[in-house]
Amino acid sequence: MLKRKVAFVDLSKEKVVVEEIPKELRKKHLGGRGLNWYYIYNNVTPEVEPFDPENLLVIGTGFLTGLPCLGTGRTQISTKGPLTKGVGDANMGGAFGPELRYAGFDHLVIKGKAKEPVYLFVYNGEIEIRKASHLWGLDTYETQKALKEEIGDERVESMVIGKAGENKVYFANVMNNIKNAGGRGGTGAVMGSKNLKAIATRGTMDMHIHDVDKFIEYAMQMNQQVLSTKWAKTLSRLGTPLLYDVSYTTGFIGTMNWQYNTPGKEGEPLEAEYLQDYIVKHTACMGCSVHCRHRVKIERGEYAGLITEGPEYTMMGSFGTLVGCYDWDLVIKGNDECNRWGVDNLSLGAIISWAFELYQREILTEKDVGFKLEWGDKNAVLELARMIVEREEIGDLLANGFLEAAKKIGEDSLYYAIHVKGQPDLHTDERGIPSFALGIATSTRGADHLRSRPAIDLFQLPEEFLEKLIGYKIKSDFTAYETKGILVWWFELYFNIVDSLGVCKFQSTFNCPHCPQYDEYVPLLKYATGLDFTKEELIQIGERNYTMERLFNIINGLGKEHDYPPERFFKEPNKRGLPFMKGRKLDRDKYEKMLMEYYAQHGWDENGVPKEETLKKLGIEKPKPNFPEVE
Amino acid sequence: MSEKYEARCLNCRKRFEVEKGAEIAVCNHCGSKWRISWVTPEQPKVQGPA
Amino acid sequence: MKTFLIDPDKCTGCRDCEMVCSLYHEKVLNPARSRITVIRDPLNGIELPAVCMQCEDPVCVLVCPVNAIYVDENGAKVIDYSKCMGCRTCVITCPLGGALIDPVTGKTIKCDLCGGDPMCVKFCSTHAIEWVDVSVANQRIKRATLERYLEALRKGKG
Ligand code: SF4
Ligand SMILES: [Zn+2]
């Protein structure tokens, strides 16, 4: 697992430089997300705009990507993102990352812009820049099929963009297979801006494991530990839609664009159990024993005959509660369209539902849109989605995200836009759950649930248990603000490590306190790579990696004033839900204290800027460009 | 195999006992009434309000 | 007597089997060197594990010009590398794709049942591949067939 390679690709100059990843960098950043941000932090200066050729698009496999355990099929894609103009970062499942490693590379650092559409072909230690004009315009499925055909190997794995990426929709994804998405950071748009349609890879090279016998035994033990949890059993059967049952029953699911926190009884048709009727088969990312994915088929109705994969919980908001539709058919159909377009369904849904509320409030009219946006109108949802991806009429405006669209629609409209740093929020309604609210507010890629969400906060676990896990006294009460700054801090570092190792978050201490975490990663790293890390060292790597992302945001103008959840969460109380959820909203003073507790825990000052002594302790220096210059 | 099946109550967030195969169950801690689905024949979960 | 029982409907395409197979036999991770292969095409909805079924009357043993394939105490058809010359006759003739070529060494490789306790089976979390007594296998196959039959009958009536 050591002596692995990074390739620096300059698309403008059509040059590739390959280097070995030094062991010291592994010790400091591991791989995946950590190492990606090491390259960006050092090479992307603030004046570089997301779509400038000088921006980097970095693809990184986790340090443990490609192992037969813990769903290590994951890849991190990082860039300066168009939505937030700061950290644009995405983590993708599937099989692309492992294949890239078997092709001899762990990281691809891509800059420049090709003169015409190209794709990269990465094969057993070689990288070729190939013409892709004939692929431009194809959807993500067609592109991948064409690549397999043209390369002549059905084991080719590709990371591609669709219409959304080509059109530089600010929340475009990169995609692998049907539903594996590098979403949330606008990485697909940056890829499109570089005229890079795809990266195709195939490898038959060995990956070395330090201690094979111990590793095999431990990998099996890890898988068993995960599979023995109730969480994994539920996820195996229902996939992430399982979360819907909890959120709509309790009342923390954005409904009709966060006007309500649950649809109540009306939302019953979307309960996870009803998805069972559509499931043909369960599928998994490479190296995963849980298989949270579904292959589904719509048997009846207007979309009859559609076979696809997914949908995830995200889609149940986007084409579900957020727009007042409660129909699995639409969720599945919409999900398939999004995957073909290569667009972040979550951001797309939040922007669509925003437009619907603006229409309800007569800020947008039928004349602006071209048709009515009435809650529950399936066709209006699908049509507006298409227009955004195709950048047609008002869609062109919405494709640039809330912040830029509001410049034209009117700044008042931003109150109804549920976002942080310009990044649309998942359809969770965080106003009743302080730790969740802090998490979306401080997340380096803007509002997001996968950067720190302490989902276990909702379980009200015993405080002794939490103290053992987190290392600090944490209040069991999820409505509390005190100590939750520390809880979010812990999860920020922990998820950074998970992303830097390439482990699947669903097999970590995310929704289940009994899944493997640091204590298990230490031996796993030892057996796989031969490197010794202590738990404390891993936590420090998490802090180092996280702080570099924070610094990148700060030099790009994202400081304390951007560390707040949406204003609406402070002003309007929850209208529905279980008694303990109804009427809840965020308290400004308490939030402020929680934020300060959080900064202090990171070693940042009261403006959220990392202190000198913190940087020194972590060994973070000023950015030093190190992209090899090629002639 | 013990004959005890438990689900987590969404109201009080404690685990409560569910009878094998039951479609409806009441939390013995807080009295909430839930519709139940079964992830496996041994593992019940709250599906939604009854 | 034991046999592999493979159920493609349960295969998720995770390829833990391939990874652990290469690790166990070649001491490296490299699915291309695995004895078991998942024919996988998610874009068209296909996951199909394929491995040597350890035939009763194996064609590979029959056709090998240097008699390099022998039957061990577990019934595995095993390649004796002191004899194998890598002529690929078994690769071409095996109707199940059980014999393969290692892309790194060029050697012919095939499943040897890991000495009686196949690693792929141990790592398959959905039991898409199992190594079971033939009587158990027969029973399960019969049952699955009957269930399909009954299902068809029910559909016909409904
Ligand atoms: S749990 Fe789901 S997302 Fe995670 S590795 Fe498995 S299939 Fe992929
Ligand atoms: Zn209860």
Side-chain angles (χ1 to χ4, degrees), chain A residues 1 66-69 71-73 94-95 98-99 101-102 124 140-142 144-145 148 154-155 157-158 176-180 202-209 212-213 215-216 219-220 223-224 226-227 232 236 280-293 295 297 307-309 528, chain C residues 7-34 36-50 97 100-107 109 114-115 117-129 155 158:
Chain A
M1 288 290 194
L67 305 182
C69 62
T72 49
E99 200 63 42
R101 291 197 104 185
Y102 292 124
N124 285 359
T140 60
Y141 307 171
E142 292 163 348
Q144 294 178 78
K145 286 182 190 167
K148 286 189 191 211
E154 66 172 23
R155 284 222 159 188
E157 289 290 339
S158 304
N176 167 241
N177 293 326
I178 303 263
K179 72 171 294 294
N180 305 296
R202 170 73 177 123
T204 59
M205 291 168 80
D206 292 341
M207 220 156 61
H208 296 275
I209 291 289
V212 173
D213 294 342
F215 171 79
I216 292 180
M220 192 145 54
N223 287 343
Q224 269 150 14
V226 171
L227 290 174
S236 295
V280 186
K281 193 177 187 183
H282 295 278
T283 62
C285 299
M286 194 154 173
C288 169
S289 52
V290 176
H291 61 78
C292 76
R293 277 96 201 283
R295 181 166 298 135
K297 180 170 184 193
I307 301 177
T308 183
E309 282 183 32
Chain C
D7 183 351
D9 287 342
K10 289 187 187 156
C11 176
T12 65
C14 78
R15 292 181 281 163
D16 275 2
C17 56
E18 292 181 1
M19 289 185 272
V20 76
C21 179
S22 68
L23 208 47
Y24 183 80
H25 291 98
E26 307 296 344
K27 308 295 167 207
V28 292
L29 273 170
N30 190 348
R33 303 179 73 184
S34 165
I36 180 168
T37 311
V38 181
I39 308 296
R40 178 174 160 278
D41 181 0
L43 293 161
N44 291 303
I46 296 168
E47 292 87 13
L48 210 67
L100 305 159
I101 307 168
D102 182 322
V104 174
T105 60
K107 282 187 177 167
I109 51 175
C114 304
D117 195 6
M119 293 303 287
C120 52
V121 170
K122 286 199 200 167
F123 268 76
C124 183
S125 68
T126 62
H127 309 293
I129 180 161
K155 269 198 185 140

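The chains referred to below are lettered A, B, ... by the order of the sequence lines, with proteins before strands, and numbering in each begins at 1.
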Pairs of heavy atoms under 4.5 Å with chain A: top-ranked of C:V20, C:D9, C:V28, C:D41: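 Highest number of pairs under 4.5 Å: C:V28.
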Out of [options], which one racks up the most heavy-atom pairs below 4.5 Å with chain C?
options	value
A:Q144, A:E154, A:M205	A:M205
A:N223, A:V290, A:L67	A:L67
A:M220, A:E309, A:Q224, A:K179	A:M220
A:K145, A:H291, A:M286	A:M286
A:G203, A:G73, A:G66	A:G66

So which atom in [X] and which in [Y] form the shortest heavy-atom distance, rounded to 0.1 Å?
X	Y	answer
A:S289	C:S125	O-OG, 2.8 Å
C:M119	A:I216	CE-CG2, 3.2 Å
A:C288	C:C14	O-CB, 3.1 Å

Interchain contact, C:T126 with chain A, by part (heavy-atom threshold 4.5 Å):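 It is the side chain, since no backbone atom gets that close.
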Part of C:E18 within contact of chain A (heavy atom distance under 4.5 Å):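 Side chain of C:E18 only, per the 4.5 Å heavy-atom cut-off to chain A.
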Region of A:E157 in contact with chain C, defined by heavy-atom distances below 4.5 Å: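 Contact with chain C is through the side chain of A:E157 alone.
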Test item: A:K281 side-chain N/O and C:P8 main-chain N/O as donor-acceptor pair under 3.5 Å: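 Such a contact is found between A:K281 side chain and C:P8 backbone.
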Short side-chain to backbone donor-acceptor contact, A:N177 and C:P42, under 3.5 Å: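 A pair under 3.5 Å: no.
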Pairwise side-chain contact, A:T283 with C:E47, heavy-atom cut-off 4.5 Å (strictly under):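 Result yes, sub-4.5 Å side-chain heavy-atom pair found.
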Min side-chain heavy-atom separation C:K27-A:D213 under 4.5 Å: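 Result yes, sub-4.5 Å side-chain heavy-atom pair found.
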